[in-house]
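In what follows, a single structure is set out as structure tokens and then discussed.
The shown structure was predicted, so the numbers you read here are calculated from the model rather than taken from an experiment. By convention in this document, chain letters (A, B, ...) are assigned in the order of the sequence lines, proteins followed by strands, and residues within each chain are numbered from 1.
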Amino acid sequence: MSHAFFRSIFRVLPLLLVLSPVNSSSCTMGNKTAEIRVKYENILSHDIDELVNMSAEYRDRCCKNKKHEHSKVFFCNDTQEIESLQSMACNMLKFFNKQKISKEFRWKAALVSCGTLQVLQCKCERHKKEKVCTQVNTHNNEDRETGEQSKKKCNHEFCELKENISSLRSCWNKFEKIISR
Amino acid sequence: MAVPAAFLAPVLLLCGLGPRLAAAHGPTGVECVLFNEEYMTCLWGSRETLTTNYSLYYWYENRSPVVECKRYLWDRGVSIGCHFNQSEIVQFQPFHVLLNASLNGQALEIRSKRMELQDLVKPGAPVNLTIRNMSSNQLQLTWSSPYPKAQCLEHAVKYKSNKDTSWIEHGVKGDIFSFPSVDYEKYYTFYVRSKINSYCGSTQLWSEWSVPVVWGRNTTSLAEEQLQWFWIHTVLVPIASCLLLLVLVVLLVRMERVWVILMPRIPNPSKNFDELFITHNGNFQEWAGVPKDMLESFKPNYSESICYVSELPSRESHDPQWDGSNRPPGGPGAPAGPREHSPYQNNYVGV
């Protein structure tokens, strides 16, 4: 009898998890587009530009012809720009601990991710990733070895991060265009 | 057997290189530009560079199926590009293009790199440039843009005065440009152009320069004014002066009264003396009307003999004595008076 009880419980719980809404946004700044615009234009856009420029300086020959099967592709969906930005920013945080990528580049990418989450007042599904933001914001001016990436070989993780950065910037451009008059 | 093989090798090599050689004379890439987000053109060459007609196929990554271009652009019978309507344009979706052609039975394919159409936007040139005079020698230049999202634009203003040799360019974020100090003696020309700013895209495509707006002393009117003054000073004034002179000359000749005023006659008093010389025969006293008794009073009524006095010569001198044959030296004023006896009887006074 007890076996039947537990089996029934264990079937319901996964069902509840599957049926729970996945697309619920945990961002709270959704309606305050003016405030988002000010923060983006005055602060975040400059960090994004710096990150893009940094990304362009590194060797990326291995990224051009390969299509990485395991790379997660993010789209900036129409009418869901904030959610798309949230997904991109949270995903970018996973590169913070990738040792094959230069520390300076990883930190800058994490800074932009955390900045995006902060402007949009979003949280990531995995709360561990937000510890990264605490670390990044606390040790923002820590000396890091510059030019390190130029010594590192082009690798899959670097290509994936570069792709993420490009998608994040494009999504911000799209969002800015929508909320601008 | 070696000989056919020797022939085959270069043939095979050429066959392998054929498509590449054909492609080398074909398009090197596709250039797409979104004009003011109203339409888009993708060009892959010109009549001079293309050897065959290409077909264009496009798709948006993970969005649409592959579609062929509906409106080709032609240059003297050769397709050189494709025109896209606004409804066929989707920004913020990776865009891919494939060119397809057949040359000598071989298929040619040229794939473009992935494009982000929001980074290929070329806004329309700014319009309605207006200059306003502000206080303290300041000018304010404003304009409007045909691009629908004005807040996604950044602008550049270039200007020059008629005394400058090169243009000065300034970046402007809004749609107002303040010119701090203006010289009222100069003539300024302003141009404006626009670009999508970094908040809304990542593009290097500037719009065309706007129609210029000018401010200051218009060189055209100044030139016309100077030309007018030139005509006045150099032509009209001399002509008018000559005409005036001519009129004066004619007046002088025709009107004696004017001539007399300008060239007074030298007085000739002879007329006043006609009566003297004609009627009175030069007799001034008669003409003057001097009374006769006064005239008589001037006549002498006595006679007076002239007494000649001379010095007797000394005996020692050999001067001949005067006798009747010698005439005494007499001056011209010596009056010829009658002979008179004198106490010196030896003296002889003759005429």
Side-chain angles (χ1 to χ4, degrees), chain A residues 33-34 36-53 55-56 60-61 63-68 71-82 84-85 88 112 115-116 119 159 162-181, chain B residues 29 32 34 36-38 59-64 86-96 98 109-124 144-155 171-176 194-205:
Chain A
T33 54
I36 292 172
R37 200 166 145 257
V38 167
K39 288 180 180 177
Y40 166 70
E41 286 183 8
N42 293 330
I43 306 168
L44 189 57
S45 66
H46 303 289
D47 289 327
I48 293 174
D49 287 341
E50 284 177 13
L51 183 62
V52 169
N53 290 339
S55 167
D60 61 349
R61 236 182 231 184
C63 307
K64 285 181 182 175
N65 295 325
K66 285 183 184 177
K67 281 189 178 180
H68 304 283
S71 318
K72 202 172 178 182
V73 180
F74 290 93
F75 301 103
C76 194
N77 299 321
D78 295 343
T79 68
Q80 292 181 329
E81 288 80 15
I82 293 178
S84 302
L85 284 167
M88 292 175 191
V112 169
T116 299
V119 168
C159 298
K162 199 169 172 175
E163 191 72 27
N164 268 254
I165 292 167
S166 178
S167 300
L168 184 79
R169 187 189 62 172
S170 292
C171 200
W172 266 115
N173 290 153
K174 182 178 180 182
F175 184 59
E176 173 76 6
K177 227 172 185 178
I178 289 167
I179 62 178
S180 295
R181 284 175 289 142
Chain B
C32 297
L34 270 84
N36 211 44
E37 293 184 4
E38 293 170 359
W59 66 97
Y60 291 94
E61 199 166 293
N62 301 315
R63 178 180 271 256
S64 64
Q86 198 174 34
S87 58
E88 296 166 332
I89 300 169
V90 178
Q91 295 184 50
F92 302 102
Q93 283 288 334
F95 179 70
H96 294 267
L98 171 69
E109 265 193 14
I110 298 169
R111 284 179 181 265
S112 73
K113 57 185 177 183
R114 192 177 81 171
M115 290 182 265
E116 299 282 347
L117 297 185
Q118 68 274 8
D119 296 338
L120 301 173
V121 175
K122 182 175 180 178
S144 58
S145 177
Y147 186 73
K149 301 271 186 183
Q151 289 182 339
C152 280
L153 293 177
E154 64 179 81
H155 309 276
V172 179
K173 281 201 169 179
D175 52 2
I176 297 176
S194 308
K195 187 172 79 74
I196 302 293
N197 61 28
S198 59
Y199 306 136
C200 299
S202 175
T203 173
Q204 300 302 319
L205 286 172

**Prompt:** Quick one: what part of B:Asn197 sits under 4.5 Å from any heavy atom of chain A, side chain, backbone, both or neither?
**Reply:** neither

**Message:** Only pairs of heavy atoms separated by less than 4.5 Å count here; which of A:Asn173, A:Leu44, A:Val52, A:Asp78 has the most with chain B?
**Reply:** A:Asn173

**Item:** Donor-acceptor side-chain pairing of A:Tyr40 and A:Glu176 below 3.5 angstrom
**Value:** no

**Item:** Structural part of A:Phe75 lying under 4.5 Å from a heavy atom of chain B
**Value:** side chain

**Message:** Pairing donors with acceptors under 3.5 angstrom, does anything connect the side chains of B:Gln91 and A:Lys177?
**Reply:** yes

**Request:** Sort B:Phe92 into side chain, backbone, both or neither according to what part of it lies under 4.5 angstrom from a heavy atom of chain A.
**Result:** side chain

**Item:** Any residue meeting side-chain contact (heavy atoms from CB on, under 4.5 Å) with A:Val38, in chain and number order, not counting sequence neighbours
**Value:** A:Asn42

**Request:** Report the relative orientation of the aromatic rings in B:His96 and B:Trp59; use parallel for angles under 30°, tilted for 30 to 60°, perpendicular for over 60°.
**Result:** parallel

**Prompt:** Should A:Glu50 and A:Arg169 count as an ion pair when the cut-off is N to O under 4.0 Å?
**Reply:** no

**Request:** Side chain from CB out, backbone as N, CA, C, O: work out which of these in A:Ser170 comes under 4.5 Å of a heavy atom of chain B, or both, or neither.
**Result:** both

